[in-house]
Colleague: 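Have a look at this one.
Atoms considered below: every heavy atom in the structure, side chains included; atoms not considered: hydrogens, waters and symmetry mates.
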Amino acid sequence: MWLTNLSGHIEKYKKGATSPSEVISHGVTDPVGIALDHTGNIYVSNGVSKHPANVEVYAPGSDLPTRTITDGVTSPVGITVDAKGTLYVTNVDQNNVEEYLAGQSHPYQTITKGMNYPDAVTVNKKGRLYVGNFGNGFIVEFAPGSLMPLKDEIHRRLRTPQGLAYYPPLLP
């Protein structure tokens, strides 16, 4: 399990451990969100409190970023990767979710419909995207590749949907 630590690093914990087996701090400035893809790459969204916002990408076993994504990253919070390697990054202040095709550093498309301070994001095995909105407490669902939310949005007013996960996980 990987987690972000606001003191400026990310930590890996093995099952049952109470202290980290690995710590990465290079390139980690204001870590907010973290995601793993099916190949083991680690994606970290760095907020804007101390440094310019970005998403750092780390290859398995590396403690140095292999790629830094800045294009389209302005106020990142939620972050997830689907089974095809598409990266999704929520930008709270811009009310959008940027989509990056696998291995790319420039957004493929931008979702703005249904956004109200989006701060959480996840995707299921069928490619449906779910976005949690801090501003109105709604969770919005999108069909694969769609820029328009489905009509069956989850309208329960959640207080602050700041984290989303879908089970079963995408990773084996």
Side-chain angles (χ1 to χ4, degrees), residues 1-14 17-37 39-82 85-112 115-123 129-140 158-166 169-171:
M1 170 184 71
W2 283 94
L3 63 85
T4 59
N5 188 315
L6 289 178
S7 61
H9 59 272
I10 60 173
E11 302 172 348
K12 180 180 183 180
Y13 286 81
K14 293 184 178 179
T18 58
S19 59
S21 61
E22 191 174 341
V23 175
I24 298 176
S25 58
H26 297 289
V28 181
T29 54
D30 302 304
V32 183
I34 190 166
L36 299 169
D37 69 16
T39 64
N41 289 312
I42 305 165
Y43 299 77
V44 178
S45 62
N46 285 303
V48 295
S49 65
K50 298 177 188 172
H51 305 280
N54 64 44
V55 172
E56 296 287 4
V57 184
Y58 299 84
S62 177
D63 65 349
L64 296 172
T66 56
R67 185 165 43 113
T68 301
I69 301 170
T70 57
D71 190 14
V73 180
T74 52
S75 54
V77 180
I79 185 170
T80 196
V81 182
D82 71 14
T86 301
L87 171 68
Y88 300 87
V89 179
T90 67
N91 286 303
V92 173
D93 294 338
Q94 285 64 39
N95 283 316
N96 70 28
V97 175
E98 296 287 2
E99 293 184 37
Y100 301 81
L101 296 177
Q104 300 299 306
S105 295
H106 303 286
Y108 160 70
Q109 63 183 11
T110 302
I111 299 172
T112 57
M115 300 296 110
N116 191 328
Y117 296 99
D119 63 348
V121 63
T122 193
V123 64
L129 184 72
Y130 300 87
V131 179
N133 287 292
F134 178 82
N136 61 10
F138 291 177
I139 297 174
V140 185
L158 304 170
R159 186 161 181 230
T160 52
Q162 293 182 325
L164 293 175
Y166 200 90
L170 296 174
L171 299 177

Colleague: With distance as the sole test, does N133 use its side chain to make a donor-acceptor pair with the main-chain N or O of N116 at under 3.5 Å?
Modeller: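 Indeed, once roles are kept as given, a pair shorter than 3.5 Å links the two residues.
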
Colleague: More than 12 heavy atoms of other residues, nucleotides or ligands under 6.0 Å from OH of Y108: yes or no?
Modeller: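 No, the 6.0 Å shell around OH holds no more than 12 heavy atoms from other groups.
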
Colleague: Mind checking whether I24 and W2 have side chains closer than 4.5 Å, heavy atoms only?
Modeller: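 Contact flag for I24/W2 side chains = yes.
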
Colleague: V131 pairs by side chain to side chain contact (heavy atoms under 4.5 Å, CB included) with which of V97, I139, T122?
Modeller: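 The option that passes is V97.
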
Colleague: Which atom names give the shortest non-hydrogen contact between T80 and A35, and what distance separates them?
Modeller: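 In terms of heavy atoms, the two residues are closest at CA-CB, 3.8 Å.
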
Colleague: Who are the side-chain hydrogen bond (donor to acceptor under 3.5 Å, both in side chains) partners of N91, not counting sequence neighbours?
Modeller: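 Here the qualifying residues are T74, N96.
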
Colleague: Are any side-chain N or O atoms of S62 and backbone N or O atoms of L64, one a donor and one an acceptor, separated by less than 3.5 Å?
Modeller: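 Yes, the answer is positive, given that a donor and an acceptor are paired below the 3.5 Å cut-off.
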
Colleague: Is there a side-chain contact between V123 and T86 in this structure, where contact means two heavy atoms from C-beta onward sitting under 4.5 Å apart?
Modeller: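 A side-chain contact is absent here, since even the closest heavy-atom pair is not under 4.5 Å.
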
Colleague: Taking all heavy atoms of P60 and all of T39, pick out the closest pair and write down the distance.
Modeller: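 Here P60 and T39 meet closest at CG-O, 3.3 Å.
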
Colleague: Is T66 reaching over with its side chain to a backbone N or O of V57, donor-acceptor style, under 3.5 angstrom?
Modeller: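 Yes: the side chain of T66 pairs with the backbone of V57.
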
Colleague: Report the residues that fulfil side-chain hydrogen bond (donor to acceptor under 3.5 Å, both in side chains) with Y88, sequence neighbours left out, ordered by chain and then residue number.
Modeller: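 Only D82 meet the side-chain hydrogen bond (donor to acceptor under 3.5 Å, both in side chains) criterion with Y88.
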
Colleague: With N46, which of N54, T4, D30 fulfils side-chain hydrogen bond (donor to acceptor under 3.5 Å, both in side chains)?
Modeller: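 Testing each of N54, T4, D30 against N46, the sole residue satisfying side-chain hydrogen bond (donor to acceptor under 3.5 Å, both in side chains) is N54.
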
Colleague: I need the I42 CD1 to K12 NZ distance, nearest 0.5 Å.
Modeller: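 These two atoms lie 7.5 Å from each other.
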
Colleague: Indicate the atoms forming the closest heavy-atom contact of P107 with E98, along with that distance.
Modeller: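 Minimum heavy-atom separation between P107 and E98: CB-OE1, 3.2 Å.
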
Colleague: Do you know which two heavy atoms are closest between G8 and P31, and how far apart they sit?
Modeller: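 That would be CA-CD, 4.2 Å.
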
Colleague: To check you understand the geometry: which heavy-atom pair defines the closest contact between E56 and G27, and what is its length?
Modeller: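 Taking E56 first and G27 second, the nearest heavy atoms are CG-O, 3.3 Å.
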
Colleague: Among side-chain atoms of Y13 and E11, is any donor-acceptor pair under 3.5 angstrom?
Modeller: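 Y13 vs E11: donor-acceptor pair found between side chains.
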
Colleague: How close do Y117 and N95 get, heavy atom to heavy atom, and via which atoms?
Modeller: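 The pair with the smallest heavy-atom distance is N-OD1, 2.5 Å.
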
Colleague: Do D71 and S105 come close enough that some side-chain heavy atom pair is under 4.5 Å?
Modeller: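 No - every pair of side-chain heavy atoms lies 4.5 Å or more apart.
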
Colleague: Taking I10 as the fixed residue, which of D63, L3, I34 is the one that meets the side chain to side chain contact (heavy atoms under 4.5 Å, CB included) rule?
Modeller: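 The side chain to side chain contact (heavy atoms under 4.5 Å, CB included) with I10 is passed solely by I34 among D63, L3, I34.
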
Colleague: Do I69 and V89 have side-chain heavy atoms sitting under 4.5 Å apart?
Modeller: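 A side-chain contact under 4.5 Å is absent here.
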
Colleague: State which residues pass side-chain hydrogen bond (donor to acceptor under 3.5 Å, both in side chains) with Q109; sequence neighbours excluded, sorted by chain then number.
Modeller: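 Q109 satisfies side-chain hydrogen bond (donor to acceptor under 3.5 Å, both in side chains) with E99 only.
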
